[in-house]
Amino acid sequence: MTYGQGNDPINATLKTGALVKGPGKLLTMDGTSNTLDILATTQVTVGVSAGDSSRTAAGVLDAAAGATVAFYPATGVLMVQSIAGQTYTTGCLVYGTALGLCTATAGSEKCIGVYVGEGTVSAALVANGNSDSEQTDAATLLLSEGEMIPVNMNTALNA
């Protein structure tokens, strides 16, 4: 399956200080600065990152004002990065949560869509250096970030 099947990514400016280190991160709109930010619990998902955010001339991810990211609008079937250890069954609801990840566990999170893959448990990432840096303990973060899963976002709750 193509990553953003039937969708073309668009570019947007990130909130100052935000970094996106790869595809599959849930993004929200920061209403005070009219920029995108990485999703936190209880926020509404507007899209899913298509790759890394922009980089400086030295090749370092840019967190300065004006940095950009390409993202897929929250529609159709998109691959979204899960929290590690989540069990997904075909047709279960998927929720957006902190660090731009998704979960199968309902709580204060907003529903982002329906899982459309085969039943699976999302394994933790290996130490590949691609984890985001919102947590200070890189080892903990690698264990909390899981694989990408297919989510039909046409069934998301918008508010």
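Sequential numbering from 1 along the given sequence is applied to the chain's residues.
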* **Verify same cluster id: Tyr95, Leu101 (apolar side-chain graph, 4.5 Å)** => no
* Separation of Ser82 OG from Met148 CE (nearest 0.5 Å) -> 11.0 Å
* To do: Go through the structure and list residues passing side chain to side chain donor-acceptor pair (under 3.5 Å) with Ser108, not counting sequence neighbours.
  => none
* Answer yes or no: is there a side-chain heavy-atom contact under 4.5 Å between Leu27 and Val48? => no
* With side chains defined as the heavy atoms from C-beta onward, is the minimum distance between Asn34 and Met29 less than 4.5 Å? -> yes
* Please identify each residue that fulfils ring-ring contact (aromatic ring centres under 6.0 Å, His included) with Tyr88, with sequence neighbours left out. => Tyr115
* Asked: Where is the tightest heavy-atom contact between Val44 and Thr28, given as atom of each residue plus distance?
  -> O-OG1, 2.7 Å
* Structure fact -> Tightest non-hydrogen contact, residues Cys111 and Leu93, listed as SG-CD2, 4.0 Å
* Considering all heavy atoms of both residues, which atom of Phe71 and which atom of Gly47 are nearest to each other, and what is their separation? -> CD1-CA, 3.8 Å
* To do: List for me each residue that meets side chain to side chain donor-acceptor pair (under 3.5 Å) alongside Ser33, sequence neighbours excluded, and say none if there are none.
  => Asp30, Thr35
* Asked: If you measure only the distance, is there a donor-acceptor pair under 3.5 Å linking the side chains of Thr13 and Thr68?
  -> no
* Structure fact -> The reported gap from CD1 in Ile83 to OG in Ser122 (rounded to nearest 0.5 angstrom) is 9.0 Å
* Donor-acceptor pair, side chain of Asn154 and main chain of Gly76, under 3.5 angstrom -> yes
* Structure fact -> Minimal heavy-atom distance between Thr90 and Gly117, with the atoms involved, is OG1-O, 2.6 Å
* Asked: By side chain to side chain donor-acceptor pair (under 3.5 Å), which residues pair with Thr103, not counting sequence neighbours?
  -> Gln86
* Going by heavy atoms in the side chains, are Leu26 and Val80 under 4.5 Å from each other? -> yes
* To do: State, without any angle test, whether Lys110 and Gln43 hold a side-chain donor-acceptor pair at a distance under 3.5 Å.
  => no
* To do: May I ask you to decide whether Lys21 forms a salt bridge with Glu145, counting only side-chain N to carboxylate O separations under 4.0 Å?
  => no
* Do Ile38 and Ile10 share a hydrophobic cluster (ILVMFWY, side-chain heavy atoms under 4.5 Å, transitive)? -> yes
* Structure fact -> What one should report as the nearest heavy-atom pair of Ser53 and Leu14 is CB-CD1, 3.4 Å
* Asked: Which residues pass the side chain to side chain donor-acceptor pair (under 3.5 Å) test with Asn11, sequence neighbours left out?
  -> none
* Contact list for residues 83-96, test salt bridge (Lys or Arg N to Asp or Glu O under 4.0 Å), sequence neighbours left out -> none
* **Transitive ILVMFWY side-chain link Leu39 to Ile149, under 4.5 Å** => yes
* Supply the atom-to-atom distance Leu78 CG to Ser49 OG, rounded to the nearest 0.5 angstrom. => 10.0 Å
* Asked: Where is the tightest heavy-atom contact between Ala50 and Pro9, given as atom of each residue plus distance?
  -> CB-CB, 4.0 Å
* Structure fact -> So CD of Glu147 and CD of Gln81: to nearest 0.5 Å the spacing works out to 9.5 Å
* Give, for atom CD of Glu109 and atom OG1 of Thr45, the distance between the pair rounded to the nearest 0.5 Å. => 10.5 Å
* To do: Check the hydrophobic clustering (I, L, V, M, F, W, Y; side-chain heavy atoms under 4.5 Å; chains of links allowed) and say if Val69 and Val46 are grouped together.
  => yes
* Asked: Can you find a heavy atom in the side chain of Ile112 that is under 4.5 Å from one in the side chain of Met153?
  -> yes
* Please round to the nearest 0.5 Å and tell me the distance separating atom OG1 of Thr56 and atom CG of Asp62. => 6.5 Å
